[in-house]
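Residue numbers start from 1 in every chain, and the chains themselves are labelled A, B, ... in the order their sequence lines are given, proteins ahead of strands. Fair warning: this is a prediction, and the values are worked out from it, not measured in the lab.
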Amino acid sequence: MIPLSHFLTVSAVLFAIGLYGVLARKNAVIVLMGIEIMMNAANLNLIAFSRFLPANRLTGQLFALFGITIAAAEVAVGLALVIAIFRMVKTIEVDRIEKLKG
Amino acid sequence: MERLDQLFVLLKKIILQFAESFLPAPLLPFLSILVSITAIAIFAPLTMMYLTWLERKVIGRMQNRFGPNRVGIYGLLQPIADGIKMLTKEDVIPLGADRVTHFLAPVAVVVPSLLLFSVLPFGRNMTAVNLDIGLLFFIAVSSIGTLAIFMGGWASRNKFSLLGAMRAFAQMISYEVPLVLSVVTVVMIVGSLSTEKIVEAQSGWGGLRWFVFTPWGFVGFMLFFICSVSEVNRTPFDIPEGESEIVAGFHTEYSGMKFALFYMAEFLGAFAYSAMAATLFLGGWQGPLLPSWLWFGLKTFCLVFTMIWLRGTFPRFRVDQLMSYAWKFLFPMGLSNILAAGIWYHTPFPLSFIFATWILLLSFIGLSRLNPTGTRLERRTYRFAE
Amino acid sequence: MSYGLGILKGMSVTLKQFVESYTKKGSIVTVQYPEERREDVERFRNFPILVYDEKPEAPRCVACDICAKECPPKCITIVRDRDEQGRGLQKPKVFDIDLSVCMSCGICEEVCPFDAIFMDHQFELSAYDRMESLNYHQEKLLKPNSYLHQIRPTDATQIDAKLKAKEEAKKKTQPGTTA
Amino acid sequence: MELFFYLLATLTLLGALGAVLLKNLVHCALSLILFFAGIAGFYILLQAEFIAAVQILIYVGAVATLVLFAIMLTQNVIGETTLKGLGQNRWWALGISLVVITVLVRAIQHQTLPSFLPEGRVTTNEIGHTLVTTYVLPFEVISILLTGAMIGAIVVAMETKKNKQQATGDRRRT
């Protein structure tokens, strides 16, 4: 019987890995992947709590469902932006895209 | 009759009883799962082998020639000969390819198409894994196959296979949407995702309760079947491995056993999709006289035969026709099908059929009128290599 | 309202073919080669053969080398026979055709003024090594006129009639000039 | 049961680390897919099959495809996907994420968490039912959000006449 704390530690570690990915990587696509990993870690927490808490067990799963749809929409818009940036500036290195001129 | 109908279920019971004597008690549930897994693991490759044989015979006969008839009587040992040939062929890994993905791609293609079999209701209480979200599982697993094809195409690091992989990607995504829409109508009417309940909902009146006889069911069946032909990359939607344009598409660089796996995945997918089409719209294993698993086999065989028949008849789609057909015709048809099913569900009997057919006919004519057939590609503009 | 009927029409054609292949007698055209054989077609041409009238030593060929010059892949090699004093004879000493090169186009048969070379119907000539065993020498190429009659009756009779007519014409002019 | 948990945990952590650390972009994407599959495995362990199937359908089916398409579109040459690797501020990033891990794990240890498992399972039609009765407002808002995001993404990424010339133009200049 796996206690709840195990699930929480795993999702915490995953969240940290996602955070590291967002902060350390230069390529915009990998940054978006990092955000995806963080979103998934949060969803994992939701489902873990919905499994262990005796109160109405449904809300956790419902909010995880909403979390998944929002993450999907967010990735779609993020990648559209990345492609638009690539078309203009020919590079998607995050630290090179800081020129604000038109 | 009952014993014949439950033949395989009784067989499994006998095996379990026999194993009970020497196996410890907690292992029994694993054993029952193991038995159904081995049943599928034996059944799937066999059907795949004899589907290849069937395809070559039927297409041969359609082109006024015999199919394979040299190896064994009527060429029945031909699949075994093909298998041996595939095994003994040298396994070439191109220099530029990165080994890991090149090796993983065929595995990642076959595994989903085998997983599809676990949810199919082969007969009365003969579904391997009776999930209550069986249909959702079927669709989710079939979307993994698309990725594996991309892996294969990208890993072999040559222009043709990458082109094929990108084409496969675009095609399978844009045909998955109408597929899911046509499945939504059945789920909406039956009210459950489990394949068992869907089949039970179609029983009664000696087969007249099958969904295919309702207006929305017929259109849904057509949509599902067309989309499944394209999900499996078979003619007339086989652009990813269009032999004429891009050598062999995503499995150009594969030879020997790996190519056999790609080939196997295609046929397993074809069988699984036709079985699901039969379950959803033709009343799975419902049927008056014959045992249930025979009815399931007959219906799936007819659908697979139509897939092969399509292959013997139609030329290949152009890429832009393929895309516009999916988004401009099948997708709106799926939406109007859901509308028709909703109306059919809530109106009393005589009126429901009239309304539903009226809506569907209207949308069919309207969409066919809207989609100009015979559009030419606009003049190609050439950009010189920079 | 006829959207989609084209598809059904197309599919009905292939279905008809499929069903007919079982019912109609002549619809399957394949010939099961080793067991069944296609009947011989007169103008079928495979590799060339040399024809002799009575004795294999005196073939019709006079080693005029026209066919060797005309042969596109140049697979015919002819050496004229010489008698003791070294004068050329109207007979080839060496006449080789390299069957692995010959594309059985039949040009040698057309250009031959003496109707000495014809295209054979025999095509099962596989050999183990490419070089030596497919380079047919004169003995292998020579075939009696009767064989020609057997495989190409109409052409053979016409050619015999033509030869005979030439024979008389020569005999008629021959006594004239000697007298 | 514990065996599955540890197996899945290693699989998922490997996938996440691979997605973040690997040099070759497409390898990152493939390990991301491994990560998504691992998360779906966790959901099955937590008896949330519906969410696991939805996770596979949406993430492995669509999001990973989207990421791969983006990688393909933003790479000038196929295969040349090695990149300059990590940014120079990666030590800072490592420090911050370590701090985050210690804070979270400490919080989990001190918390008294329910350890017994309530019986009864959440069935799919229960989810469907509550989704359309008590949670109907967020359900509608989500559908609007999704359509908005979809149209927005298309408009942003679309190649219009204006920026089509820009795309080809740039390449000719550099």
Quiz item: Which region of D:I142, side chain (C-beta onward) or backbone (N, CA, C, O), has a non-hydrogen atom less than 4.5 Å from a non-hydrogen atom of chain A, or is it both or neither?
Solution: side chain
Self-check item: Interatomic distance, A:E36 atom CD to D:F35 atom CZ [nearest 0.5 angstrom]
Solution: 8.5 Å
Quiz item: chain A heavy atoms under 4.5 Å from D:Y6: which part of the residue, side chain, backbone, both or neither?
Solution: side chain
Exercise. State, to 0.1 Å, how close D:L73 and A:F86 come at their nearest heavy-atom pair, and which atoms those are.
Key: O-CE2, 3.6 Å
Quiz item: Got D:L21 and A:Y20 here, is their nearest side-chain heavy-atom distance under 4.5 Å?
Solution: yes
Quiz item: Taking atom CG of A:L44 and atom CG of D:L45, what is their separation to the nearest 0.5 Å?
Solution: 10.0 Å
Exercise. Assess whether atom CZ of A:F66 is packed by more than 12 heavy atoms of other residues, nucleotides or ligands within 6.0 Å.
Key: yes
Self-check item: Heavy-atom check, side chain of D:V63 versus side chain of A:M39, under 4.5 Å
Solution: no
Exercise. Pick whichever of A:V77, A:L19, A:I47, A:L81 has the most heavy-atom pairs under 4.5 Å with chain D.
Key: A:I47
Quiz item: chain A heavy atoms under 4.5 Å from D:L94: which part of the residue, side chain, backbone, both or neither?
Solution: both
Quiz item: Is the number of heavy atoms from other residues, nucleotides or ligands under 6.0 Å of D:F5 CZ greater than 12?
Solution: yes
Self-check item: chain A contact via D:L66 - side chain, backbone, both or neither, heavy atoms under 4.5 Å
Solution: both
Quiz prompt | Between D:V105, D:I127, D:V99, the one whose heavy-atom pairs under 4.5 Å with chain A are most numerous | solution = D:I127
Self-check item: Under 4.5 Å from any heavy atom of chain A - which part of D:Y59
Solution: side chain
Quiz item: Which pair of heavy atoms, one from A:R51 and one from D:L46, lies closest together, and at what distance?
Solution: CD-O, 3.2 Å
Quiz item: How long is the gap from OG1 on A:T69 to CD1 on D:I58, to the nearest 0.5 Å?
Solution: 6.5 Å
Practice problem: Considering non-hydrogen atoms only, spot the tightest contact between A:R25 and D:C28 and give its length. | Solution: NH2-SG, 4.1 Å
Quiz prompt | Residue selection (most heavy-atom pairs with chain A, distance under 4.5 Å) from D:L98, D:L17, D:V155 | solution = D:L17
Practice problem: Kindly write out the residues that satisfy side-chain hydrogen bond (donor to acceptor under 3.5 Å, both in side chains) with A:E74, not counting sequence neighbours, or none if the list is empty. | Solution: none
Practice problem: Measure the CD-CZ distance between A:Q61 and D:F50 for me, rounded to the nearest 0.5 Å. | Solution: 9.5 Å
Exercise. Name all residues meeting the side chain to side chain contact (heavy atoms under 4.5 Å, CB included) criterion together with D:L11; count only those two or more places apart in sequence or in a different chain, and write none if there are none.
Key: D:L8, D:L34
Quiz item: For the atom pair CZ (D:F42) and CG (A:N43), what is the distance rounded to the nearest 0.5 Å?
Solution: 13.5 Å
Exercise. Over all heavy atoms of both residues, which pair between D:L146 and A:A73 is shortest? Give the atoms and the distance, please.
Key: CD2-CB, 3.7 Å
Quiz prompt | All side-chain hydrogen bond (donor to acceptor under 3.5 Å, both in side chains) counterparts of D:Q55, not counting sequence neighbours | solution = none
Quiz prompt | A:L65 vs D:L131, side chain to side chain contact (heavy atoms under 4.5 Å, CB included): CA-CA, chis, key distance, verdict | solution = CA-CA 10 Å; A:L65 206 61; D:L131 200 57; 4.1 Å; yes
Quiz item: Nearest heavy-atom pair of D:A157 and A:R87: which atoms, and what distance?
Solution: O-NH2, 2.7 Å
Quiz item: Given that the side chain runs from C-beta out, which part of D:V67 has a heavy atom under 4.5 Å from chain A: side chain, backbone, both or neither?
Solution: both
Quiz item: Closest heavy-atom contact between D:A153 and A:A80?
Solution: O-CB, 3.4 Å
Self-check item: D:T12, part contacting chain A, at a heavy-atom distance under 4.5 Å
Solution: both
Quiz item: Of all of A:L23, A:V75, A:N40, A:L8, which one pairs up most often with chain D through heavy atoms under 4.5 Å apart?
Solution: A:N40
Quiz item: Do D:L32 and A:I37 have side chains that get closer than 4.5 Å, going by heavy atoms?
Solution: yes
Self-check item: Under 4.5 Å from a heavy atom of chain D, the part of A:I68 involved
Solution: both
Practice problem: Specify which of D:L13, D:L145, D:V103, D:I154 makes the most heavy-atom pairs with chain A at under 4.5 Å. | Solution: D:L13
Practice problem: Let me know if D:A62 has heavy atoms under 4.5 Å from chain A in its side chain, its backbone, both or neither. | Solution: neither
Self-check item: Contact leader toward chain A among D:A149, D:A93, D:A107, where contacts are heavy-atom pairs under 4.5 Å
Solution: D:A93
Quiz item: Measuring heavy-atom distances to chain A, does D:A64 have an atom under 4.5 Å in its side chain, in its backbone, in both, or in neither?
Solution: neither
Quiz item: Between atom CD1 of A:I83 and atom CE of D:M72, what is the distance when rounded to the nearest 0.5 Å?
Solution: 12.5 Å
Practice problem: Write out, in numerical order, the residues from residues 9-18 of chain A with a heavy atom short of 4.5 Å from a heavy atom in chain D. | Solution: A:T9, A:V10, A:A12, A:V13, A:L14, A:F15, A:A16, A:I17
